[in-house]
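Remarks on the structure that follows.
Bear in mind the structure is a predicted one, so any value in this text is a computation, not a measurement.
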Amino acid sequence: FATALGQCNANEKVLLRMVFVENLTYREVAELFRTSKSTVCRQLADVERRLVRHLSAVWREQTAGSLSEDLGEIVAGHLDLSMSRLLRES
């Protein structure tokens, strides 16, 4: 997961840290970025989708199998836990 997170740019990491570590609301993040709440939601969804795609690709490489949709949903649901820990450490 650290490798996937490492592919995020600085602004994306700040966004992830604000949401998953600092527990700011989307509205609070939007105010800090001077943008709309919907833009923050869209940006966060884009980053999360890329992270899940990267993790799925790593899974396929390491297991020679495909990540089932159910497992993909579980991974996506636990991204916030891993991100919080890694973002605190970085």
- Query: Counting only heavy atoms not in Arg27, do more than 12 sit closer than 6.0 Å to its CZ atom?
  - Reply: no
- If only atom types and distance count, is the side chain of Glu28 paired as donor or acceptor with the main-chain N or O of Thr25 below 3.5 Å? yes
- Can any side-chain N or O of Glu12 pair as donor or acceptor with the backbone N or O of Asn9 at less than 3.5 Å? yes
- Message: Let's go through Met18 and Phe33 carefully: what are the C-alpha distance in whole Å and the side-chain angles of both, what is the deciding distance for side-chain contact (heavy atoms from CB on, under 4.5 Å) to 0.1 Å, and is it a yes or a no?
- Response: CA-CA 11 Å; Met18 287 179 173; Phe33 277 106; 3.8 Å; yes
What distance do [X] atom [atom1] and [Y] atom [atom2] have between them, rounded to the nearest 0.5 Å?
{"X": "Tyr26", "Y": "Gln43", "atom1": "OH", "atom2": "CD", "result": "11.5 Å"}
{"X": "Arg42", "Y": "Thr35", "atom1": "CZ", "atom2": "OG1", "result": "7.5 Å"}
{"X": "Leu32", "Y": "Glu22", "atom1": "CG", "atom2": "CD", "result": "10.5 Å"}

- Message: Is any side-chain heavy atom of Leu15 closer than 4.5 Å to one of Cys8?
- Response: no
- Could you go through the side-chain contact (heavy atoms from CB on, under 4.5 Å) check for Val19 and Val29 one step at a time? CA-CA 8 Å; Val19 172; Val29 173; 4.1 Å; yes
- Note on the structure: Heavy-atom nearest pair, Leu5 first then Lys13, reads O-CE, 3.3 Å
